[in-house]
Amino acid sequence: MPNLKDIRRRIASVRSTQKITRAMKMVAGARLRRAQQNIEQLRPYARRTMEVLSAIAGRTDQTDHPLLARREPPGKVLLVVLTSDRGLCGGFNANINRTAEREARTRGSADCEVVLDIIGRKGRDYLRRRPVKIRREITGVFENLNYAKAAEIGRSIVREYTNGRFDAVFLVYNEFKSVMTQKVVVEQLLPIKPEDTSDDRQAGEFIFEPSKQALLDRLPQMYVELEVYRALLESVASEFGARMTAMDNATKNADEMIDTLTLQANRARQAGITKELLEVMAGAAGLMK
Amino acid sequence: MPLTLEIVTPTRLVLRKTVESFTGPGKLGEFGLLPAHRPLLAAMRSGLARYLEEGKEHRLAIGPGFAQLDNDRVIILTDEVFEPEKLTSPEERDEARHAALDDRDKADAAARSWSGPTSADEFEESVLALEWARARLAALGE
(Lines give C-alpha, C1' and ligand atoms only; values in the text may rest on other atoms or scores of the structure.)
Protein backbone atom coordinates (compact mmCIF):
# COMPACT_ATOMS: atom_id res chain seq x y z
CA MET A 1 0.00 0.00 0.00
CA PRO A 2 1.61 3.32 -1.05
CA ASN A 3 1.48 5.84 1.71
CA LEU A 4 -1.07 8.62 1.86
CA LYS A 5 1.37 11.44 1.35
CA ASP A 6 2.70 9.96 -1.91
CA ILE A 7 -0.79 9.50 -3.31
CA ARG A 8 -1.77 13.06 -2.42
CA ARG A 9 1.37 14.32 -4.14
CA ARG A 10 0.48 12.36 -7.26
CA ILE A 11 -3.05 13.75 -7.28
CA ALA A 12 -1.67 17.27 -7.14
CA SER A 13 0.69 16.53 -9.99
CA VAL A 14 -2.04 15.04 -12.20
CA ARG A 15 -4.25 18.04 -11.41
CA SER A 16 -1.65 20.50 -12.59
CA THR A 17 -1.04 18.49 -15.76
CA GLN A 18 -4.76 18.52 -16.34
CA LYS A 19 -4.81 22.29 -16.03
CA ILE A 20 -2.27 22.47 -18.82
CA THR A 21 -4.08 20.03 -21.11
CA ARG A 22 -7.34 21.85 -20.53
CA ALA A 23 -5.77 25.20 -21.36
CA MET A 24 -4.15 23.74 -24.49
CA LYS A 25 -7.48 22.34 -25.57
CA MET A 26 -9.11 25.75 -25.22
CA VAL A 27 -6.34 27.49 -27.15
CA ALA A 28 -6.42 24.89 -29.92
CA GLY A 29 -10.18 25.19 -30.08
CA ALA A 30 -10.07 28.95 -30.49
CA ARG A 31 -7.41 28.80 -33.18
CA LEU A 32 -9.15 25.90 -34.87
CA ARG A 33 -12.19 28.03 -35.50
CA ARG A 34 -10.12 30.58 -37.45
CA ALA A 35 -8.21 27.91 -39.32
CA GLN A 36 -11.36 26.03 -40.23
CA GLN A 37 -12.95 29.20 -41.52
CA ASN A 38 -9.87 29.97 -43.62
CA ILE A 39 -9.78 26.60 -45.33
CA GLU A 40 -13.51 26.41 -45.87
CA GLN A 41 -13.50 29.82 -47.48
CA LEU A 42 -10.59 28.99 -49.74
CA ARG A 43 -12.01 25.72 -51.06
CA PRO A 44 -14.65 27.23 -53.42
CA TYR A 45 -11.98 29.42 -54.98
CA ALA A 46 -9.58 26.52 -55.39
CA ARG A 47 -12.27 24.33 -56.91
CA ARG A 48 -13.24 26.95 -59.47
CA THR A 49 -9.63 27.70 -60.32
CA MET A 50 -9.25 24.02 -61.14
CA GLU A 51 -12.39 24.19 -63.23
CA VAL A 52 -11.16 27.17 -65.24
CA LEU A 53 -7.73 25.61 -65.63
CA SER A 54 -9.29 22.36 -66.83
CA ALA A 55 -11.39 24.21 -69.37
CA ILE A 56 -8.32 25.61 -71.05
CA ALA A 57 -6.10 22.56 -70.50
CA GLY A 58 -8.72 20.30 -72.06
CA ARG A 59 -8.53 22.36 -75.24
CA THR A 60 -4.77 22.48 -75.43
CA ASP A 61 -2.07 20.13 -76.51
CA GLN A 62 -0.85 19.33 -73.02
CA THR A 63 2.40 17.77 -74.14
CA ASP A 64 3.59 21.25 -75.01
CA HIS A 65 3.10 22.96 -71.71
CA PRO A 66 5.93 22.72 -69.15
CA LEU A 67 3.58 22.28 -66.18
CA LEU A 68 1.00 20.05 -67.85
CA ALA A 69 3.15 17.63 -69.85
CA ARG A 70 3.71 14.24 -68.27
CA ARG A 71 7.26 12.97 -68.10
CA GLU A 72 7.17 9.20 -68.11
CA PRO A 73 8.64 7.44 -66.34
CA PRO A 74 9.67 9.98 -63.72
CA GLY A 75 13.39 9.83 -62.94
CA LYS A 76 13.30 12.17 -59.99
CA VAL A 77 10.36 12.72 -57.68
CA LEU A 78 9.88 15.40 -55.06
CA LEU A 79 7.64 14.82 -52.07
CA VAL A 80 6.60 17.92 -50.19
CA VAL A 81 5.73 16.78 -46.67
CA LEU A 82 3.59 19.03 -44.49
CA THR A 83 3.96 18.49 -40.76
CA SER A 84 3.61 20.89 -37.84
CA ASP A 85 6.14 22.86 -35.85
CA ARG A 86 4.65 21.81 -32.53
CA GLY A 87 3.80 18.47 -31.03
CA LEU A 88 1.10 17.34 -28.61
CA CYS A 89 -1.40 16.78 -31.37
CA GLY A 90 -2.03 13.05 -31.28
CA GLY A 91 -1.20 11.05 -34.36
CA PHE A 92 -1.05 14.10 -36.62
CA ASN A 93 2.66 14.10 -37.32
CA ALA A 94 3.19 10.37 -36.88
CA ASN A 95 0.67 9.61 -39.62
CA ILE A 96 2.26 12.04 -42.04
CA ASN A 97 5.78 10.88 -41.32
CA ARG A 98 4.87 7.25 -41.76
CA THR A 99 3.08 7.93 -45.05
CA ALA A 100 5.96 10.06 -46.33
CA GLU A 101 8.47 7.36 -45.50
CA ARG A 102 6.35 4.69 -47.16
CA GLU A 103 5.82 6.82 -50.27
CA ALA A 104 9.53 7.51 -50.51
CA ARG A 105 10.22 3.78 -50.31
CA THR A 106 7.58 2.59 -52.78
CA ARG A 107 8.19 5.29 -55.38
CA GLY A 108 11.94 5.05 -55.19
CA SER A 109 13.87 2.55 -57.30
CA ALA A 110 17.15 2.25 -59.13
CA ASP A 111 15.74 4.44 -61.91
CA CYS A 112 13.80 6.81 -59.74
CA GLU A 113 15.25 8.99 -57.04
CA VAL A 114 12.93 10.40 -54.40
CA VAL A 115 13.79 13.53 -52.45
CA LEU A 116 11.83 15.29 -49.73
CA ASP A 117 11.00 18.88 -48.94
CA ILE A 118 9.89 18.99 -45.35
CA ILE A 119 7.73 21.71 -43.95
CA GLY A 120 7.47 21.76 -40.15
CA ARG A 121 9.84 20.96 -37.33
CA LYS A 122 8.20 17.67 -36.37
CA GLY A 123 8.66 16.09 -39.77
CA ARG A 124 12.23 17.25 -39.89
CA ASP A 125 13.07 15.76 -36.50
CA TYR A 126 11.66 12.38 -37.47
CA LEU A 127 12.69 12.07 -41.10
CA ARG A 128 16.26 13.18 -40.46
CA ARG A 129 16.78 9.92 -38.66
CA ARG A 130 15.24 7.82 -41.42
CA PRO A 131 16.79 6.48 -44.61
CA VAL A 132 15.32 9.18 -46.88
CA LYS A 133 16.93 11.94 -48.86
CA ILE A 134 16.00 15.42 -47.66
CA ARG A 135 16.49 18.32 -50.00
CA ARG A 136 15.10 21.20 -48.03
CA GLU A 137 13.75 21.82 -44.56
CA ILE A 138 11.35 24.67 -44.06
CA THR A 139 10.31 25.63 -40.55
CA GLY A 140 8.39 28.57 -39.18
CA VAL A 141 5.94 28.97 -42.09
CA PHE A 142 3.03 28.43 -39.75
CA GLU A 143 3.66 31.60 -37.80
CA ASN A 144 1.67 34.25 -39.66
CA LEU A 145 0.93 31.98 -42.56
CA ASN A 146 -0.20 33.94 -45.58
CA TYR A 147 -0.60 33.56 -49.30
CA ALA A 148 2.71 35.26 -50.05
CA LYS A 149 4.65 32.64 -48.07
CA ALA A 150 2.85 29.79 -49.81
CA ALA A 151 3.31 31.42 -53.22
CA GLU A 152 7.03 31.71 -52.56
CA ILE A 153 7.27 27.97 -51.87
CA GLY A 154 5.09 27.26 -54.92
CA ARG A 155 7.22 29.43 -57.17
CA SER A 156 10.44 27.77 -56.10
CA ILE A 157 8.95 24.34 -56.79
CA VAL A 158 7.75 25.46 -60.23
CA ARG A 159 11.17 26.91 -61.00
CA GLU A 160 13.01 23.72 -60.18
CA TYR A 161 10.41 21.62 -61.94
CA THR A 162 10.66 23.67 -65.12
CA ASN A 163 14.45 23.41 -64.96
CA GLY A 164 14.05 19.66 -65.06
CA ARG A 165 15.25 19.02 -61.52
CA PHE A 166 12.12 16.95 -60.92
CA ASP A 167 9.75 14.99 -63.13
CA ALA A 168 6.90 14.84 -60.65
CA VAL A 169 5.99 16.61 -57.43
CA PHE A 170 3.61 15.33 -54.75
CA LEU A 171 2.13 16.97 -51.69
CA VAL A 172 1.74 14.84 -48.56
CA TYR A 173 -0.54 16.51 -46.04
CA ASN A 174 -3.40 16.09 -43.60
CA GLU A 175 -6.71 17.01 -45.18
CA PHE A 176 -9.19 18.59 -42.81
CA LYS A 177 -12.36 16.49 -42.70
CA SER A 178 -13.77 17.52 -39.35
CA VAL A 179 -12.54 18.41 -35.90
CA MET A 180 -12.24 14.74 -35.05
CA THR A 181 -10.91 13.40 -38.32
CA GLN A 182 -8.02 14.23 -40.56
CA LYS A 183 -7.06 12.22 -43.59
CA VAL A 184 -3.54 11.88 -44.89
CA VAL A 185 -3.54 12.48 -48.63
CA VAL A 186 -0.83 12.15 -51.24
CA GLU A 187 -1.69 14.50 -54.06
CA GLN A 188 0.04 15.07 -57.36
CA LEU A 189 0.99 18.72 -57.68
CA LEU A 190 3.08 18.56 -60.83
CA PRO A 191 2.54 17.80 -63.63
CA ILE A 192 -0.90 19.30 -63.11
CA LYS A 193 -3.68 16.79 -63.65
CA PRO A 194 -6.64 18.72 -65.06
CA GLU A 195 -10.13 17.35 -64.64
CA ASP A 196 -11.66 15.60 -67.58
CA THR A 197 -13.79 18.11 -69.45
CA SER A 198 -14.46 16.08 -72.57
CA ASP A 199 -18.11 15.35 -71.80
CA ASP A 200 -19.22 18.91 -71.07
CA ARG A 201 -17.73 20.33 -74.21
CA GLN A 202 -20.43 22.37 -75.83
CA ALA A 203 -20.81 23.66 -79.33
CA GLY A 204 -18.78 26.70 -80.16
CA GLU A 205 -15.08 27.11 -79.60
CA PHE A 206 -13.79 28.99 -76.56
CA ILE A 207 -12.73 32.58 -76.96
CA PHE A 208 -9.42 33.14 -75.20
CA GLU A 209 -8.56 36.64 -74.18
CA PRO A 210 -5.96 38.09 -74.57
CA SER A 211 -4.71 34.78 -76.05
CA LYS A 212 -4.56 31.13 -75.17
CA GLN A 213 -0.81 31.34 -74.67
CA ALA A 214 -1.04 34.33 -72.33
CA LEU A 215 -3.56 32.48 -70.20
CA LEU A 216 -1.48 29.31 -70.20
CA ASP A 217 1.52 31.30 -69.06
CA ARG A 218 -0.24 32.48 -65.95
CA LEU A 219 -3.02 30.11 -64.87
CA PRO A 220 -1.08 26.87 -64.21
CA GLN A 221 1.56 28.71 -62.19
CA MET A 222 -1.13 30.43 -60.16
CA TYR A 223 -2.82 27.08 -59.61
CA VAL A 224 0.34 25.56 -58.14
CA GLU A 225 0.78 28.46 -55.73
CA LEU A 226 -2.84 28.17 -54.73
CA GLU A 227 -2.60 24.42 -54.17
CA VAL A 228 0.40 24.84 -51.89
CA TYR A 229 -1.52 27.46 -49.95
CA ARG A 230 -4.58 25.25 -49.74
CA ALA A 231 -2.55 22.27 -48.52
CA LEU A 232 -0.96 24.47 -45.85
CA LEU A 233 -4.34 25.69 -44.67
CA GLU A 234 -5.72 22.13 -44.66
CA SER A 235 -2.75 21.07 -42.58
CA VAL A 236 -3.10 23.92 -40.09
CA ALA A 237 -6.79 23.26 -39.53
CA SER A 238 -6.07 19.53 -39.15
CA GLU A 239 -3.32 20.23 -36.66
CA PHE A 240 -5.57 22.25 -34.39
CA GLY A 241 -8.33 19.70 -34.73
CA ALA A 242 -5.95 16.91 -33.83
CA ARG A 243 -4.51 18.85 -30.91
CA MET A 244 -7.91 19.73 -29.58
CA THR A 245 -9.03 16.11 -29.72
CA ALA A 246 -5.79 14.88 -28.16
CA MET A 247 -5.93 17.41 -25.35
CA ASP A 248 -9.58 16.65 -24.72
CA ASN A 249 -8.70 12.99 -24.30
CA ALA A 250 -5.78 13.86 -22.06
CA THR A 251 -8.04 15.97 -19.85
CA LYS A 252 -10.54 13.12 -19.60
CA ASN A 253 -7.82 10.63 -18.79
CA ALA A 254 -6.51 12.93 -16.08
CA ASP A 255 -10.01 13.04 -14.61
CA GLU A 256 -10.13 9.27 -14.49
CA MET A 257 -6.72 9.08 -12.92
CA ILE A 258 -7.67 11.60 -10.26
CA ASP A 259 -10.75 9.50 -9.43
CA THR A 260 -8.70 6.33 -9.04
CA LEU A 261 -6.05 8.05 -7.00
CA THR A 262 -8.62 9.71 -4.76
CA LEU A 263 -10.12 6.31 -4.07
CA GLN A 264 -6.72 4.96 -3.19
CA ALA A 265 -6.02 7.92 -0.96
CA ASN A 266 -9.27 7.41 0.91
CA ARG A 267 -8.54 3.73 1.39
CA ALA A 268 -5.07 4.53 2.69
CA ARG A 269 -6.53 7.12 5.04
CA GLN A 270 -9.17 4.70 6.38
CA ALA A 271 -6.59 1.95 6.76
CA GLY A 272 -4.50 4.36 8.80
CA ILE A 273 -7.43 5.23 11.06
CA THR A 274 -8.36 1.58 11.56
CA LYS A 275 -4.80 0.74 12.43
CA GLU A 276 -4.60 3.54 14.98
CA LEU A 277 -7.90 2.51 16.53
CA LEU A 278 -6.72 -1.05 16.84
CA GLU A 279 -3.56 0.14 18.51
CA VAL A 280 -5.48 2.29 20.98
CA MET A 281 -7.84 -0.56 21.81
CA ALA A 282 -4.99 -3.02 22.19
CA GLY A 283 -3.26 -0.58 24.49
CA ALA A 284 -6.41 -0.06 26.56
CA ALA A 285 -6.95 -3.81 26.83
CA GLY A 286 -3.41 -4.19 28.10
CA LEU A 287 -4.01 -1.64 30.87
CA MET A 288 -7.27 -3.32 32.00
CA LYS A 289 -5.47 -6.53 32.94
CA MET B 1 -32.08 31.05 -69.82
CA PRO B 2 -30.37 33.64 -67.60
CA LEU B 3 -26.74 33.66 -66.53
CA THR B 4 -25.43 32.22 -63.27
CA LEU B 5 -22.81 34.56 -61.86
CA GLU B 6 -20.27 33.39 -59.29
CA ILE B 7 -17.60 35.69 -57.91
CA VAL B 8 -14.97 34.04 -55.70
CA THR B 9 -11.88 35.32 -53.92
CA PRO B 10 -9.37 33.29 -51.88
CA THR B 11 -11.16 34.39 -48.73
CA ARG B 12 -14.79 33.89 -49.67
CA LEU B 13 -17.51 33.15 -52.16
CA VAL B 14 -18.58 36.74 -52.72
CA LEU B 15 -21.78 36.08 -54.55
CA ARG B 16 -23.71 33.50 -56.51
CA LYS B 17 -26.70 34.91 -58.31
CA THR B 18 -28.88 34.57 -61.33
CA VAL B 19 -28.37 37.64 -63.48
CA GLU B 20 -29.46 38.92 -66.86
CA SER B 21 -26.11 40.31 -67.94
CA PHE B 22 -22.58 40.91 -66.73
CA THR B 23 -20.03 43.54 -67.74
CA GLY B 24 -16.44 43.31 -66.59
CA PRO B 25 -12.96 44.74 -67.14
CA GLY B 26 -10.94 42.43 -69.39
CA LYS B 27 -7.23 42.83 -70.01
CA LEU B 28 -8.04 43.89 -73.55
CA GLY B 29 -10.92 46.12 -72.56
CA GLU B 30 -14.36 45.92 -71.09
CA PHE B 31 -16.59 43.09 -72.23
CA GLY B 32 -20.24 42.33 -71.75
CA LEU B 33 -21.85 38.92 -71.41
CA LEU B 34 -25.40 37.95 -72.18
CA PRO B 35 -27.00 34.50 -72.09
CA ALA B 36 -26.00 32.14 -74.93
CA HIS B 37 -22.67 33.90 -75.31
CA ARG B 38 -19.87 31.85 -76.80
CA PRO B 39 -17.65 30.17 -74.20
CA LEU B 40 -14.99 32.58 -73.02
CA LEU B 41 -11.92 32.56 -70.85
CA ALA B 42 -10.44 35.97 -70.20
CA ALA B 43 -7.73 37.54 -68.07
CA MET B 44 -9.07 40.45 -66.06
CA ARG B 45 -7.60 43.66 -64.71
CA SER B 46 -8.82 45.75 -61.80
CA GLY B 47 -11.90 47.65 -62.66
CA LEU B 48 -15.59 48.21 -62.42
CA ALA B 49 -17.88 45.23 -62.86
CA ARG B 50 -21.62 45.53 -63.32
CA TYR B 51 -24.42 43.04 -63.46
CA LEU B 52 -28.12 43.29 -64.05
CA GLU B 53 -30.35 41.47 -61.59
CA GLU B 54 -34.10 41.73 -62.05
CA GLY B 55 -33.69 44.89 -64.07
CA LYS B 56 -31.54 46.56 -61.44
CA GLU B 57 -27.88 47.38 -62.06
CA HIS B 58 -25.34 46.49 -59.36
CA ARG B 59 -21.80 47.86 -59.32
CA LEU B 60 -18.70 46.48 -57.66
CA ALA B 61 -14.95 46.77 -58.01
CA ILE B 62 -12.98 43.63 -58.74
CA GLY B 63 -9.23 43.07 -58.65
CA PRO B 64 -7.08 41.29 -61.24
CA GLY B 65 -8.01 37.70 -62.05
CA PHE B 66 -9.78 35.51 -64.56
CA ALA B 67 -13.27 35.16 -65.95
CA GLN B 68 -14.79 32.09 -67.48
CA LEU B 69 -18.09 31.71 -69.22
CA ASP B 70 -19.30 28.28 -70.20
CA ASN B 71 -22.83 27.06 -70.54
CA ASP B 72 -24.29 30.33 -69.26
CA ARG B 73 -22.28 30.08 -66.06
CA VAL B 74 -19.90 32.96 -65.32
CA ILE B 75 -17.05 32.36 -62.90
CA ILE B 76 -14.98 35.32 -61.76
CA LEU B 77 -11.74 34.44 -59.97
CA THR B 78 -10.22 37.50 -58.42
CA ASP B 79 -7.91 38.59 -55.64
CA GLU B 80 -10.23 41.12 -54.09
CA VAL B 81 -13.67 42.57 -54.34
CA PHE B 82 -15.12 45.84 -53.12
CA GLU B 83 -18.89 46.11 -52.87
CA PRO B 84 -20.16 49.62 -52.17
CA GLU B 85 -23.66 48.16 -51.73
CA LYS B 86 -22.48 46.52 -48.53
CA LEU B 87 -21.76 49.97 -47.06
CA THR B 88 -25.02 50.99 -45.47
CA SER B 89 -24.38 54.38 -43.91
CA PRO B 90 -23.24 57.52 -45.80
CA GLU B 91 -20.31 57.77 -43.34
CA GLU B 92 -19.01 54.38 -44.41
CA ARG B 93 -19.26 55.33 -48.06
CA ASP B 94 -17.46 58.55 -47.35
CA GLU B 95 -14.71 56.75 -45.53
CA ALA B 96 -14.30 54.25 -48.37
CA ARG B 97 -14.19 57.09 -50.87
CA HIS B 98 -11.49 58.94 -48.95
CA ALA B 99 -9.46 55.75 -48.55
CA ALA B 100 -9.70 55.13 -52.29
CA LEU B 101 -8.76 58.73 -53.11
CA ASP B 102 -5.77 58.56 -50.78
CA ASP B 103 -4.63 55.27 -52.30
CA ARG B 104 -5.02 56.70 -55.77
CA ASP B 105 -2.92 59.77 -55.03
CA LYS B 106 -0.27 57.74 -53.29
CA ALA B 107 -0.03 55.20 -56.10
CA ASP B 108 -0.10 57.95 -58.69
CA ALA B 109 2.78 59.76 -57.01
CA ALA B 110 4.71 56.51 -56.67
CA ALA B 111 4.24 55.69 -60.35
CA ARG B 112 5.30 59.17 -61.41
CA SER B 113 8.46 59.15 -59.34
CA TRP B 114 9.47 55.85 -60.93
CA SER B 115 13.23 55.80 -61.27
CA GLY B 116 14.10 53.50 -64.08
CA PRO B 117 14.22 49.81 -64.82
CA THR B 118 15.84 48.75 -61.54
CA SER B 119 12.51 49.16 -59.79
CA ALA B 120 10.31 47.81 -62.52
CA ASP B 121 8.43 45.62 -60.06
CA GLU B 122 7.65 48.59 -57.87
CA PHE B 123 6.36 50.47 -60.86
CA GLU B 124 4.14 47.54 -61.74
CA GLU B 125 2.91 47.47 -58.17
CA SER B 126 1.98 51.14 -58.11
CA VAL B 127 0.15 50.77 -61.41
CA LEU B 128 -1.84 47.89 -59.96
CA ALA B 129 -2.58 49.89 -56.81
CA LEU B 130 -3.65 52.83 -58.94
CA GLU B 131 -6.00 50.67 -61.02
CA TRP B 132 -7.48 49.15 -57.89
CA ALA B 133 -8.10 52.59 -56.35
CA ARG B 134 -9.73 53.80 -59.57
CA ALA B 135 -11.88 50.68 -59.70
CA ARG B 136 -13.17 51.36 -56.19
CA LEU B 137 -13.95 54.97 -57.05
CA ALA B 138 -15.79 53.86 -60.18
CA ALA B 139 -17.82 51.40 -58.12
CA LEU B 140 -18.70 54.19 -55.70
CA GLY B 141 -20.03 56.13 -58.67
CA GLU B 142 -17.32 58.79 -58.79
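So that the names make sense, note that chain A is the first sequence line, chain B the second, and so on, each numbered from 1.
Around CZ of A:Arg70, the count of heavy atoms belonging to other residues, nucleotides or ligands within 6.0 Å does not exceed 12. Within a 6.0 Å sphere centred on CZ of A:Arg34, heavy atoms belonging to other residues, nucleotides or ligands number 12 at most. No more than 12 heavy atoms of other residues, nucleotides or ligands sit less than 6.0 Å from atom NZ of A:Lys193. In this structure, B:Glu54 places its CD atom where only 12 or fewer heavy-atom neighbours from other residues, nucleotides or ligands lie under 6.0 Å away. Within a 6.0 Å sphere centred on CD of B:Glu95, heavy atoms belonging to other residues, nucleotides or ligands number 12 at most. Heavy-atom neighbours of A:Arg136 CZ from other residues, nucleotides or ligands within 6.0 Å: above the threshold of 12. Counted within 6.0 Å of CZ on A:Arg135, heavy atoms from surrounding residues, nucleotides or ligands total more than 12; the atom is thus considered enclosed. For A:Asn144, the CG atom sits in a loose shell: 12 or fewer heavy atoms of surrounding residues, nucleotides or ligands are nearer than 6.0 Å.
Counting only heavy atoms from C-beta outward, the side chains of A:Phe206 and B:Asp70 approach each other to under 4.5 Å. Side-chain contact check for A:Leu215 versus B:Phe66: some heavy-atom pair is nearer than 4.5 Å.
Nearest heavy atoms, A:Val52 versus B:Gln68: CA-OE1, 3.3 Å. Closest approach of A:Glu209 to B:Gly26, counting heavy atoms only: OE2-CA, 4.2 Å.
To the nearest 0.5 Å, the span separating CG on B:Asp79 from OH on A:Tyr147 amounts to 7.5 Å. Interatomic distance, A:Arg48 CZ to B:Arg73 CZ, rounded to the nearest 0.5 Å: 5.5 Å. For the atom pair CG (B:Leu41) and CD1 (A:Ile56), the distance works out to 5.5 Å, reported to the nearest 0.5 Å. Put simply, CG on B:Leu13 and CZ on A:Arg47 are 9.0 Å apart, with the number rounded to the nearest 0.5 Å. From A:Gln37, atom CD reaches atom OG1 of B:Thr11 across 10.5 Å, with rounding to the nearest 0.5 Å. Rounding to the nearest 0.5 Å places NE2 of B:His37 at 5.0 Å from CD1 of A:Ile207.
For chain A, the nearby part of B:Ile75 is the side chain; its heavy atoms alone come within less than 4.5 Å. Using a 4.5 Å cut-off between heavy atoms, A:Glu40 does not touch chain B at all.
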